[in-house]
Every structure is written in C-alpha cells, then in structure tokens.
Amino acid sequence: MYKNWLFLISSTIPNTKEGRRNRGRKKNKGKNGKMLRALTLRRSLQSLHHNHLKPLISTAIPQNPLNPLSPARACSSLSSPSASSSASELRKYLGYTALVLFSAAATYYSFPFPENAKHKKAQIFRYAPLPEELHTVSNWSGTHEVQTRVFHQPETLEELEKVVKDAHEKKTRIRPVGSGLSPNGIGLSRAGMVNLALMDKVLEVDKEKKRVRVQAGIRVQELVDGIKEHGLTLQNFASIREQQIGGILQVGAHGTGAKLPPMDEQVISMKLVTPAKGTIEISKEKDPELFYLARCGLGGLGVVAEVTIQCVERQELVEHTSVSNMEEIKKNHKKLLSENKHVKYLYIPYSDTVVVVTCNPVSKWKGPPKFKPKYSSDEAIQHVRDLYKECLQKCSVVPVKNDVDINELSFTELRDKLLALDPLDKDHVVKVNQAEAEFWRKSEGYRVGWSDEILGFDCGGQQWVSETCFPVGTLSKPSLKDLEYIEDVKQLIEKNEVPAPAPIEQRWTACTKSPMSPASSTKDDDIFSWVGIIMYLPTTDARQRKEITEEFFHYRRLTQVQLWDKYSAYEHWAKIEVPKDKEELASLQARLRKRFPVDAYNKARKELDPSRILSNNKLEKLFPLSDTI
C-alpha cells in the first residue's frame, strides 16, 4: 500500500526531460529541504496509515510497546497536532492525480483519430471538420496533398487574365497546376491554384510547317488525337499521356532517344499571362533570352496559356523487346544508341537481366518484321500468378471475396499485389524481381503501332520515384558513364540490402537550349542519360506507406551521397524533393546554382511576378529571394 501511494504521488511529476530537470532542482535545495520533504511525506503516510491500515495492523502486529509499528506507538504518533495538515496535503496530491487523469481522458475523447490513423501522433486540429468550399488536391501517387479554398479554372484567355490580374492586385497566390501527375507535387499550393483543364482546344494547325498552336490545358492524348487527322504527331512522348501540355513542358519532361531532345525543345513560341506585364508572346525571335528561360520555367514566370509546337509526320513504329545482360550491353551500347530512334534499358535489381526496348519507323520497303512469339501473353504471365498464389498460401492470407480475379490483372497490377504482401522484405522483393525477369524473357518479340501507342510505358501503380539526369558524352564518342552509373547503383543496392523493386529505368535524350533543363547544353552533340529508381506504394495502409516512404528516402539518399556529385547528376524538376533539414537545403541550393542560371531565373521572376503569386513553398525553397510574399 505504501508503495502504491508513493507511486501516485511521484507520478504527478512527469517523466520527461523537463520533469527530470525539476526533480533535479529539488534535490539541490539542501539538507533543510530534504528534511522538510521527508517530514511532509512521513506525515502524509502516517495519516494514510491511521485511516486505512489500523484494522490490519491491530490484527497482524502483536501488542508490543517496544515494537515501533505497534498500534499503541502508531496511535500516539498519529494523534499529533499535525494530523489534519497531513490529510490536507494528501488530498492535494490526490486532486492533482485526478486532474491529470481527467484531462488526459477529455483530450483523447474530444479529438479522436480516424480508424486508419491510430498509429499517428496526436495532432489536435488535423481531423477537425473541413469547410465545404475547401478543395483537396493531391498528386497521382497520393504522396503530396494540399487543401485550398482558392482553385480557379478559367475557360478563356480573358478569364485567365482577370484571375491573374486580381491575384496580383490582392497579392494572393495562384500557383499554376496541371494534371497533378508530378511525383513531387511541384504544382501544388495551399494558398491557391489555377488550373487550365477547361482551356484545352487545338487552336491552329499548320500542316505545311508541321506546327500546331494549342491551349496549354490540353492533355497530351487529346492533342495527339486532335492532330492525327492532319497526319501529325509529337516528336517524342513521356511514359504516360495524361499530362497537360503546359505542365509537361514547364518541368522539362522527356521521352527517350539519344537523337531526340526533351519536349521543351519542341516549343516554337509561347503566350504567357504574367502578373506584372500582362499577356506577352515570346519566341526565338521575340525576346529569345526570356523565351529559352521560360520554356522550362517551372510555372514561376507566368501562366502558360498557349503554345506553338513543332510536330512531325505521324508514323508507325516497330517496338522490339529483348533480354540481355550487362556484358552484352557494354559491347553493343554505342550501336544501340546511334542506330535506334528510341531506346531504353530496364534493369532488374539483384540480377544481371537487362531488358532492351527499341523503337524505329516501319521500313517502307521491308514492312513490319514477321515474328511468331514463343509464348502467348497469357503464358508469359502465368508464373507470376502462380507465385502470387504461393505467397498467399505461405502468408495464410485469405483472398477477399470481391477481390479481382488475378487472371484479369496485368503484369504491373500483379506485381503490385505481390509486393503488397511484404514490400520491405528484401528476399520477398528479390523473388518478385526474378518473376519480372522471367516475364520479360517470355515477352521477347515485336509490336507494331502508331508512335503515340508504342512509346507509352506502363509504369505500374502509385510509387515514389527519383530520376536523375547527367551528361554521357556524344553519340560519336559516348563516355560510358551511363553504364558505370547503373553498375554503381546496383552495387549500392546489394551492399545495403535495399528492397529495391524493378525496374531501374534508363533513357537518353539529346541536349536542349533551355538553360533550366537538367539536359541543357551549349554543345549541340551532347547527350544525356536519365535514370529512375523506384519504390511502389501498393497498399492503402497508412503505416505501411510511411515505412515504404522512409525506406525509399534512405535508398534515394544513398544514391545522392555516393553518385550525384561523382556523375554531375541532377534530379528531374518534377521529382526533386526539398529536404527538411536546413543544412541539406542550403547544400541543395548551392548545388543548383552551380548547374542552373538561378540569378537570371530569379531576376525574371522579380520582373514578371514581383509579388510571387505564381510561386509555392517548393519553388521558394529551391530559389530563395531576399523578400517574401
């Protein structure tokens, strides 16, 4: 009983750093303080003894006047004049304890967690009811999300001009955001956004010059569908088709092909709606310095309203998929880069498998190749289904009744389901990678289709991705740094036992004259390699997604520390993540200054958007200015 009450009394001082400091201070008050504390505690315990333990003592302890704990001595001790004061002291401590317990219970039940967030730390206002006018906007992978009350979607150029003008006068932010597909959410802003999804028309087609003028809100697939009747298409494509043209150009997106530049190089002219100077038209002839800067302007120099793009004739391509290894790749690398219009490599971690995908125009004389695949598409994927069933049995997982039939799933969907069973177990991920390597071996062959159909790539489900770009010589004299980079990445993965899923994707582009592009160069024959590492988010469980996120950033950090400076590699603007640590952020800012014309970019921002209404926190941290909005 004594120990229990001692615990209750001492527990009123929390076992925190501050609590321990306070107890330490009490210990330093000197001998008198100690005696006073001991006397107070003794009197409190005596009072407790008198009120609660007397019957027990009277039966358990013999009536011995010499016994210090005998009832006679205890009664004579407790009958002292200080008894009432001791009882008051005890009630005070009990009151403190009750108050703490009541406050804790009230806090817990006043701010409950949703069921899927029980593991999170208490954040009192996080789950407060949101007003109806609040818009929630997230990127495709669900890795970045904001809520905002300001979300403009103008339908005409005049409406857009009014939105920008009003925001400039009120100094309220309206960050340009496209389809929200950027892995790092570069277009998101809690303060407010403007989206051009309703400005999605093809305005003019010049078939002779192979040029098209479009509103910047049109999606890539809509643009391609809108101009194919004129026999035109885009020169190159990124992996997916859902991006708005304005967004895909502003972040310096790219396809693959060592003779083909990133997509911003296809821009002939632009119409920008700027806060300070209104609507301006820029091109190679009209203000070339600003034009090249704004082609990859990250949405910070103006809202891109219209774009004129250089297109090419629509043509059929032959896609050839084959499986090789690093030794063979080294022998044939120069030939593969120079002889194929489009080429990419897919590396499978923890294996020597390299999937080579090339695309070239169908020969007008020979026509498409005649090839009969060894395996049907169903046979190529069957072993992946079998592995999934086997893993379910080992994990004792009972399939949900309304779950999709695995026979109806694509390979990437099956891979997501497999990884979801244990996404951070290295051995499990290695098994899934081996299954993927086997899938590609059974999928070797040819495919014929229009370029907008062939050049796409099924990237899989929600994911974290980091993609770097670095110079690798010229077509006539490649440096082979691209292959060395991959070997270093694979060694890093194996040494640190990173649960890295497949693939590591490697692509190439020619250079661009846009100085803010990671592939910018003043030498026309320079080529650049783009390498993407990935971790999928195949689950909706918040705790598991958090763990995958932490593991991915560890993986990314390893490549950053060991490889980026060594190869002069810089991240894709749509995939760069801003560090939270101040020293790391300062280091990143200094590093960006070495590669990009940050001063010229900031100067243009000050002239065109002095109040920085088109900016967001990411842009402000990457390119800080002396004054803030």
Side-chain angles (χ1 to χ4, degrees), residues 131 133-135 137 146-180 185-201 203-204 213-218 244-251 267 269-283 286-287 289-308 516 600-620 623-629:
E133 69 272 15
L134 202 63
H135 302 271
V137 185
V146 297
Q147 287 85 33
T148 181
R149 289 182 176 83
V150 182
F151 192 81
H152 300 283
Q153 285 191 306
E155 297 186 41
T156 64
L157 177 60
E158 290 73 25
E159 288 182 14
L160 173 59
E161 290 171 335
K162 185 178 186 305
V163 167
V164 174
K165 181 180 178 182
D166 290 347
H168 178 55
E169 290 174 352
K170 297 175 183 176
K171 295 189 176 181
T172 56
R173 279 189 176 162
I174 48 164
R175 174 71 176 155
V177 62
S179 303
I186 193 171
L188 303 182
S189 172
R190 185 175 289 105
M193 288 170 278
V194 58
N195 175 270
L196 304 191
L198 303 180
M199 294 177 62
D200 59 351
K201 297 179 179 62
L203 300 174
E204 183 183 353
R213 183 168 62 91
V214 299
Q215 291 180 313
I218 192 170
Q244 290 182 14
I245 281 293
I248 198 173
L249 297 174
Q250 284 292 283
V251 297
V267 177
S269 65
M270 303 168 64
K271 185 174 286 187
L272 285 180
V273 179
T274 70
K277 295 187 177 182
T279 302
I280 60 174
E281 292 189 42
I282 52 177
S283 65
K286 296 180 182 179
D287 201 343
E289 184 178 353
L290 178 59
F291 169 69
Y292 287 119
L293 198 63
R295 284 200 308 189
C296 184
L298 309 179
L301 303 181
V303 182
V304 181
E306 295 178 10
V307 186
T308 301
M516 289 297 290
Y601 180 70
N602 280 341
K603 180 182 178 183
R605 287 172 69 200
K606 283 184 177 181
E607 292 176 358
L608 300 173
D609 183 19
S611 298
R612 301 210 287 290
I613 66 167
L614 305 178
S615 187
N616 63 359
N617 290 338
K618 190 177 294 291
L619 217 60
E620 291 299 310
F623 310 107
L625 292 169
S626 56
D627 53 334
T628 57
I629 189 168

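Everything quoted here is computed from the prediction, not taken from an experiment. We're numbering straight along the sequence, starting at 1.
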Quick one, [X] and [Y] - any side-chain contact, counting heavy atoms below 4.5 Å?
X	Y	value
Phe291	Lys286	no
Val146	Ser189	no
Val194	Pro154	yes
Val303	Leu272	no
Thr172	Val150	no
Ile280	Leu290	yes
Arg173	Asn617	yes

Given 3.5 Å as the limit, does a donor-acceptor pair link the side chain of [X] with the main chain of [Y], or not?
X	Y	answer
Asn195	Val177	yes
Asn616	Arg175	no
Arg605	Phe623	yes
Glu155	Leu198	no

How about CZ on Arg213, more than 12 heavy atoms from neighbouring residues, nucleotides or ligands closer than 6.0 Å, or not?
yes
Within a 6.0 Å radius of atom CD on Glu159, are there more than 12 heavy atoms belonging to other residues, nucleotides or ligands?
yes
I need the minimum non-hydrogen distance between [X] and [Y], along with the two atoms involved.
X	Y	answer
Leu157	Val273	CD1-CG2, 3.9 Å
Pro176	Leu614	CD-O, 3.6 Å
Ala294	Met270	O-CE, 3.6 Å
Leu160	Ala305	CD2-CB, 3.8 Å
Thr148	Ala191	OG1-C, 3.9 Å
Val307	Leu249	CG1-CD1, 3.7 Å

Euclidean distance, [Y] [atom2] relative to [X] [atom1], rounded to 0.5 Å:
X	Y	atom1	atom2	answer
Gln244	Gln250	CD	CD	12.0 Å
Leu293	Lys603	CG	NZ	11.0 Å
Leu608	Leu301	CG	CG	6.0 Å
Leu196	Gln153	CG	CD	9.0 Å
Ile245	Ile218	CD1	CD1	7.5 Å
Glu169	Ser611	CD	OG	11.0 Å

Which pairs count as salt bridge (Lys or Arg N to Asp or Glu O under 4.0 Å) when at least one residue sits in residues 293-305, sequence neighbours excluded?
Glu265-Arg295
Does a donor on one side chain sit under 3.5 Å from an acceptor on the other, for Thr279 and Glu161?
yes
